[in-house]
Number of protein chains: 2
Amino acid sequence: MATKPEDRRTVRTKKLLRQALLELIEEKGIDRITVRDLTDRAEINRGTFYLHYQDVPDLLDKIKEEVFAGLQAIISRMYIIRLMAETNEDKPYEVIVELFEYLGEHADFFRVLLSPKGDISLALRIKDMMARQMMAKLEIWQPREELMLVSREWLIAYTTSSNIGIIQHWFASGQALSPYEIALVMTRLVKNGPARSINVEHLSPPEK
Amino acid sequence: MATKPEDRRTVRTKKLLRQALLELIEEKGIDRITVRDLTDRAEINRGTFYLHYQDVPDLLDKIKEEVFAGLQAIISRMYIIRLMAETNEDKPYEVIVELFEYLGEHADFFRVLLSPKGDISLALRIKDMMARQMMAKLEIWQPREELMLVSREWLIAYTTSSNIGIIQHWFASGQALSPYEIALVMTRLVKNGPARSINVEHLSPPEK
DNA sequence: CCATTATTCAACACTTTGTCGATTAAAATG
DNA sequence: CATTTTAATCGACAAAGTGTTGAATAATGG
């Protein structure tokens, strides 16, 4: 991946456009952003935009690619099944801590793009990464699908989307918890499931 | 809500626009659809569009409102906590069956809008409906938050997004399961959680 | 049948788009 | 430092989309 170092000017232009895009998405949503909006905000010539990108979605795609590589690296080390089956102490699974640390480092990007005004396809791509990883591991660890309560397909759909949901809510909360704390929350939920997490034995049903 | 019955012509126009919009979203995604695209596809005059809607997002909003009412009615009868805490037999929670029946009745709409090319805000709105409902019930059923493994906030983020994930995957699979079957899958996952669903006791770890 | 109203049609000014050639400014190179 | 290379700017362009208008036409409801 060691490509030629880019001209300082193009680096500056791309950086300004990235920043302008994130700001504008937050302000008016991913649609409704024109090339002129971007270049006005970034204070560059409109023609310059077309020297680097085809259109607004293309710019977004290029920016996404930057973070995908790092994300893929972490997710590929994530053994959700190991988390489910092995870890017994009340400690967060380390790779999940790393995941949230990485997300936090690129918070300006993820906070905007995983928000309601962001880009649905980003969340889907992350989900897809997790799903592939999980399917590969699951086929080895539990080859007898008939022993499972639900088939792999549905378990994966369930788990990946709940994980994304926790990530999205973490940013929506303004990253209220530390990577360690939120990883612990996720670990507990995955290991115990939602039902046991409410502590059924101590419920106070209104009338019963 | 018993408003004046609409002129046949406006009913026809709105129906054609709805159909055209869903087709075009599927073909080219929610962005990139122009008013001209819509009116060409619907075979109506471009000016007619503006007699009913302000712009493309406005049309989408109006169409969404149609199904929200019905959805809200079902979700308000959904006691996810009851599902978690009470039901012990291996039967799907009835309200979830109803939910999937309703989704199936409006499959043309949900299939497109919950897909990758669809509208992120629809899924978020449904999640929000579920979250409000769940928070209200949870505060009554488990007033002592400190007894829970994770706080209400995170439990709700986890549960609602996993539910949306199952719904999205159901449409992505071409509604491969019946409402009863998919409701059973969801019931099992919510009650047992992902970890127990893989049947940990019978795992075959590669080397261990 | 008639009054009402939705739709059509052509036209309007305006914005955005994508591209282009010529010019200017900055960076890389030796 | 001087020279070459390349990025950015500028103005202009046709094409397409936007949102609105007023007059003509057609369908509807009573």
Side-chain angles (χ1 to χ4, degrees), chain A residues 1-66 117-119 121, chain B residues 1-66 117-119 121:
Chain A
M1 276 287 190
T3 50
K4 53 190 174 289
E6 277 192 319
D7 193 303
R8 286 188 219 157
R9 289 167 293 182
T10 74
V11 173
R12 175 178 173 277
T13 299
K14 290 183 179 179
K15 198 171 175 180
L16 288 171
L17 282 172
R18 178 198 149 102
Q19 185 57 31
L21 180 66
L22 292 181
E23 286 177 18
L24 287 168
I25 290 177
E26 198 158 21
E27 290 170 22
K28 47 199 290 191
I30 184 73
D31 331 323
R32 305 255 161 240
I33 296 178
T34 68
V35 174
R36 187 174 297 277
D37 286 338
L38 282 166
T39 54
D40 282 355
R41 178 66 58 101
E43 289 180 306
I44 61 169
N45 191 272
R46 196 170 64 87
T48 307
F49 176 90
Y50 292 101
L51 295 176
H52 300 285
Y53 307 102
Q54 288 188 357
D55 49 24
V56 182
D58 183 48
L59 166 61
L60 183 58
D61 283 344
K62 298 281 168 60
I63 293 177
K64 284 196 279 189
E65 287 307 323
E66 291 173 23
K117 291 187 172 179
D119 177 17
S121 71
Chain B
M1 277 288 190
T3 51
K4 56 193 173 283
E6 278 191 317
D7 192 306
R8 284 187 221 159
R9 289 168 294 183
T10 75
V11 173
R12 175 178 172 276
T13 298
K14 291 182 177 178
K15 198 171 174 180
L16 288 172
L17 282 172
R18 178 198 149 102
Q19 185 58 31
L21 180 66
L22 293 181
E23 287 177 18
L24 287 168
I25 291 177
E26 198 158 21
E27 289 170 23
K28 48 197 294 193
I30 185 72
D31 333 320
R32 306 258 160 240
I33 296 177
T34 68
V35 174
R36 188 174 297 277
D37 285 339
L38 281 166
T39 54
D40 281 357
R41 178 67 58 100
E43 289 180 305
I44 61 168
N45 191 273
R46 194 170 64 89
T48 308
F49 177 90
Y50 291 101
L51 295 175
H52 300 285
Y53 308 102
Q54 288 188 358
D55 49 24
V56 181
D58 183 49
L59 165 62
L60 183 57
D61 283 344
K62 298 282 168 58
I63 292 177
K64 283 195 280 191
E65 288 307 324
E66 291 174 23
K117 292 188 171 178
D119 176 19
S121 70

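In what follows, chains are A, B, ... by sequence order, proteins preceding strands, each numbered from 1. Values in this document were obtained by computation on a predicted structure and should not be read as measured data.
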Task: Any B:H52 side-chain nitrogen or oxygen under 4.0 Å from OP1 or OP2 of C:dT7 - done: yes
- [ ] Could you tell me whether A:E26 and A:K117 have a side-chain N and a carboxylate O separated by less than 4.0 Å?
- [x] no
TODO: Determine whether any donor atom in the side chain of B:R46 lies under 3.5 Å from an acceptor atom in the base of D:dG19, or the reverse, and answer yes or no.
DONE: yes
Task: Basic-acidic side-chain contact under 4.0 Å: A:K28, A:D37 - done: yes
Open item on the list: Mind checking if B:L51 touches a base, just sugar-phosphate, or nothing, with heavy atoms under 4.0 Å?
Closed with: base
Open item on the list: Looking only at side-chain N and O atoms, does A:K64 offer a donor or acceptor that is under 3.5 Å from a partner on A:S121?
Closed with: yes
Open item on the list: Using the side-chain heavy atoms of A:V35, tell me which of these nucleotides is nearest: D:dT9, C:dG18, C:dC9.
Closed with: C:dG18
Task: Salt-bridge criterion met for A:K14 and A:D7 (N-O under 4.0 Å) - done: no
TODO: Scan residues 11-30 of chain B against DNA chain C and write down, sorted by residue number, each residue with any heavy atom closer than 4.0 Å; if none is found, say none.
DONE: B:T13
Task: A:Y50, nearest nucleotide to its side chain (from C:dT17, D:dC10, C:dA6) - done: C:dT17
Task: Salt-bridge present (B:E66, B:R18; N to O < 4.0 Å) - done: yes
- [ ] Could you tell me whether A:E6 and A:R12 make a salt bridge, using a distance below 4.0 angstrom between a side-chain N and a carboxylate O?
- [x] no
Open item on the list: Would you say A:T48 places a side-chain N or O within less than 4.0 Å of OP1 or OP2 belonging to D:dT9?
Closed with: yes
Within the sub-3.5 Å range, which N or O atoms of nucleotides 21-28 of chain D have a protein N or O partner, and how far apart are they?
from, atom 1, to, atom 2, distance (Å)
D:dA27, N3, B:R9, NH1, 3.0

